[in-house]
Asker: 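Got a structure for you, written out below as structure tokens; questions coming shortly.
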Amino acid sequence: MPVIVLTKWDMPGDHRTIIPISEISTGNHHSHHSVKGTVIHKGPLVSSSTYHFILKAVIAGDNAEAEGSSINIVILGTLAKDFSQAVNEKDVVIASGYTVGKSPTARKDKRHVCNLLLSGDQAQIHVFWHSPSDLPSSRQAKMKKTSAPPTLLSTPKYKYVKLSDLNAGAVVNVYGVVVFFKQPYKSRGTDFCSSLKITDQSEQKITCTIFCSKPESHPQIFQIGDIVRLHRVKIQPYKDSVTLMNSFGFSALAFSGKVDADTEPRTSSKTFHFTEEDRRTVTELRSWAADQNLMSEDLNVRLSGAQPKTYFNLTCQLLAKAPVHSTCTLLRVWDGTRCPYALLKVTVNANIIEGTTSFSEEREKLIANVLVFDNHVQCTKNLKPGDFLRIFNLRAIPGSIRLPGVRSSQVEEINHLSFHLHGGTAYGRGIRILPDNCTDVQELKRIMKVFHENMELNQPEVNDSAMWDAWNTPPQSPVKGASVEFSTERTCDHELQPVTLSELKHCTPGSFHHVRAQLRSYEPSRLHQVLKLYCSKCQSMQDIPDNKLVSKVFSEASTVPNGPPSPPDWCLSGQVHLPGESEPGPGGRTLNVHLSAQLTVEGRSKELIFLTGCTPLEACHLATTFTNVIPVRSLPGGQLDLLDLSVPFLFRGRKRFYGCKQCSKGAAVREPKADGDNIIDEKKIAEAFGIQLLKFVLLLTFHLQDATDKLDAYLLRESEHFFNVSTEETATKQEVQDRISRTLNYYCPPEGNADERPWLDLCLAAYRTYMDENKKVYFQIKSTRTREL
DNA sequence: GCTTAGGGTTTG
């Protein structure tokens, strides 16, 4: 039985007699008795292997001063835990269902000769709280859930002084928002010293100096805007103001300052007092601080935003480190972004490197080399590759560097960036390891993952796992099946319970979620608009041009200049006659064509043809005879040129290939080389012409719905997997297009009861896009496929 | 038990 909270004494169904404490004895039968008393002592919740939890308390009757009028009670099991959370000293309780034992401490504590043991189903404690407004909501919530960790002890009351009310000499407790801080650093004395400047609603800014022998006992500040609670700090006069210094019994809690973050305190203390009132204070400080523009002081920058000669804070992952010199350590780090400036390579002897000693050239371009000097060298000794770090007041240094104690190892690289953490602690200079569970690390991991996925998409041949091994994917085991039959199945290995769409809307980006939902509708509704052209270089996405636009560009390109044609010298030029029926207009047409002389000599003239002045349909026609058909136009000087890249540059069988306008500057007609496997394909042609080939991708927006909410999710990266099709085939094969249409029709029938639509079991990734100032969270369908229909 | 520092850029 739990502790039952009452706001008036109405114990339904309880007909026990309340007896005075003095009447308790081992000889009495107490099964129909209850005992009422005020809690005058409440011990800590102690965990026990036998009872799970034990808690001792003392309750006293009305005449508390008299010997034997207070009695020890021992509470075992979950009741102890409930009691710990629901009952405070001075609360009035009624205990029943107890057994009476001899108190072993009666002689010493002058309390009742018996004690009460409360355990098992019969034991009950009713607690009286004066009015409903006395009931903090979480106190009520905890009564139902009983889930708070046992370290949250019930409170002696702490008073917190506003920063405008500090009188020198006193020892006080304060709350504040951090506006400046220095990481703990070794002082000249015996301790580590850390420095804080905090403010609160009184707008006073007060400096705090903390001396503790262990860095972990200092407030765990990660960034400006964090909130601290300091217990037992001494107010000392200094200059025209006061400073706060830790005194005996000092303890500190720190919290994220973000308005929507959880209120989990950061502390190294095993036990601490943290009440609903504390939670409220933190929340109030957060919302006050949100309007104070304190974060403008915050200089967190990503490598993608690093500017030469500037100072900034970098949140990153340590990939490798190398002690270069007694006054200098090299940290090789990455933050999931690409620095727009070339990064300086720093060469050090491989045998002093801890962590990965070499990376592929591609990865090497992403890695920032950080040189850490002087006092910070000591701190790097605790760092391990894989750690997530925040480096404060890092400076981006353009140009070459010379490493201390290393001769001529450095190649001159002008204007390449390296990063220095100079000696000293000015401006909060220092390094901190961020815990894995902090939101900034979660965000960092997400960015790294997105980058990794994009990189894979662009360069599937690059597979340097070393960089990615350092961070872990979630534990992998299958999720238990559900009774509903789903039309899709997840192919991921996340061990996640499904969430509702309304829950999902409040999730943290950079995470995966499982949902069960129906397809309300989808976009685009026309299948040909589902296919997009994607440039893996500039990552742009565009529609496939419609026939009207293609015809227009072809028609504009068919104007023949007056001068004589002047094709390249590797071409053989001639004419083909096309019969008239394929196009409107009088009779047939004669087209200028150009063939590769080399291929013609090799008897391979059917493999490549350039056509001047053709229509799209003619190009398609000829693609049944020639392997590669390339529409071209004549420039005024007679030279051959490619058509505008808004139309296909190559017809190959039934396929059309497109190039990226943005990324194919300087594209021109050049002779494709049939080397190696001797096959001329779109890749070889694009390469010869200097064209960045576009990929076909499928992009759909699913409007999902469940009982709780609606939500949009994109199907992009894994659309092939989802429909079990190849995008290239989708572009050319009717049967593949039909398959996709059938699937979508099944999930979302044009008519019929929406409730009867099949359910989809989906894995969704929640993410933010780069530089999205709205901080909007997007969802993408991952690792999900359609079951056989 | 006492002291440490008292924000405000290296000079690699």
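Every value quoted in this text rests on a predicted model; they were computed, and no experiment measured them. Below, chains carry the letters A, B, ... as their sequence lines are ordered, and counting in each starts from 1.
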Asker: Between atom CD in A/Q236 and atom P in B/dG6, what is the gap in whole Å?
Answerer: 14 Å
Asker: Assess the side chains of A/S247 and A/R232: does a donor N or O sit below 3.5 Å from an acceptor N or O?
Answerer: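 Side chains of A/S247 and A/R232: no pair found under 3.5 Å.
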Asker: Report yes or no: is there a donor-acceptor pair, N or O only, under 3.5 Å between the side chain of A/H325 and the base of B/dG12?
Answerer: no
Asker: Can you tell me how far C1' of B/dT10 sits from CZ of A/F312, to the nearest Å?
Answerer: 16 Å
Asker: For A/I397 and A/K186, take the nucleotide of DNA chain B holding the closest heavy atom to each; which residue's nucleotide lies nearer the 5' end?
Answerer: A/K186
Asker: Report the distance from atom OH of A/Y311 to atom C1' of B/dG8, rounded to the nearest whole Å.
Answerer: 11 Å
Asker: Is A/R188 side chain donor-acceptor paired with the B/dT3 base, going by distance under 3.5 Å alone?
Answerer: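 Donor-acceptor pair under 3.5 Å: no.
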Asker: Over how many whole Å does the gap from A/K214 atom NZ to B/dT4 atom C1' extend?
Answerer: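 A/K214 atom NZ is separated from B/dT4 atom C1' by 18 Å.
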Asker: So, is B/dG7 syn or anti if syn means the angle is within 90° of 0?
Answerer: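 This nucleotide is in anti.
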Asker: Stacking here means centres under 5.5 Å and planes under 30°; does A/F211 stack on B/dA5?
Answerer: no
Asker: Indicate, yes or no, whether a donor-acceptor pair under 3.5 Å links the base of B/dG7 to the side chain of A/K182.
Answerer: no
Asker: CZ of A/F180 versus P of B/dA5: gap in Å, rounded?
Answerer: 15 Å
Asker: Specify whether A/H422 and A/F373 have parallel, tilted or perpendicular ring planes, treating 30° as the upper limit for parallel and 60° as the lower limit for perpendicular.
Answerer: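 Judged by the thresholds at 30° and 60°, the geometry between A/H422 and A/F373 is parallel.
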Asker: Considering only atom P, compute the distance from B/dT10 to B/dG6 and round it to an integer number of Å.
Answerer: 14 Å
Asker: Is A/F392 touching bases, backbone alone, or none of the nucleic acid, heavy atoms closer than 4.0 Å?
Answerer: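 Counting heavy atoms under 4.0 Å across all strands, no contact is made by A/F392.
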Asker: Applying the ring-ring contact (aromatic ring centres under 6.0 Å, His included) criterion to A/H231, which one of A/F272, A/Y160, A/F274, A/F250 satisfies it?
Answerer: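 Only one of A/F272, A/Y160, A/F274, A/F250 forms a ring-ring contact (aromatic ring centres under 6.0 Å, His included) with A/H231, namely A/Y160.
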Asker: Starting at CG of A/N369 and ending at P of B/dG12, how long is that distance when rounded to a whole Å?
Answerer: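 Distance, rounded to whole Å: 18 Å.
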Asker: What nucleotide among B/dG7, B/dT9, B/dT4 has an atom nearest to a side-chain atom of A/D191?
Answerer: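 Closest of the options to the side chain of A/D191: B/dT4.
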Asker: Can a side-chain donor-acceptor contact be found between A/N72 and A/D109 if the only test is distance below 3.5 angstrom?
Answerer: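 A/D109 vs A/N72: donor-acceptor pair found between side chains.
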Asker: In whole Å, what is the span from the OH atom of A/Y185 to the P atom of B/dG6?
Answerer: 4 Å
Asker: Classify A/K197 by what it touches in the nucleic acid, base, sugar-phosphate, or nothing, heavy-atom distance under 4.0 Å.
Answerer: base
Asker: Hey, does A/T209 reach any base, or is it just sugar-phosphate, or nothing, if we go heavy atoms under 4.0 Å?
Answerer: base
Asker: Quick check: do A/K258 and A/D440 have side-chain heavy atoms less than 4.5 Å from each other?
Answerer: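 With C-beta onward as the side chain, the pair touches.
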Asker: The side chain of A/Y427 lies closest to which of these nucleotides: B/dT9, B/dT4, B/dT10?
Answerer: B/dT9
Asker: Can you figure out which of B/dG6, B/dG12, B/dA5 approaches the side chain of A/T327 most closely?
Answerer: B/dG12
Asker: In whole Å, what is the span from the CG atom of A/N375 to the P atom of B/dT4?
Answerer: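 In whole Å, B/dT4 P lies 19 Å from A/N375 CG.
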Asker: State which of B/dT9, B/dG12, B/dA5 makes the closest approach to the side chain of A/F373.
Answerer: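 The nucleotide sitting nearest to the side chain is B/dG12.
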Asker: In Å and rounded to the nearest 0.5 Å, what is the CD1 to CZ distance from A/I221 to A/F180?
Answerer: 12.0 Å
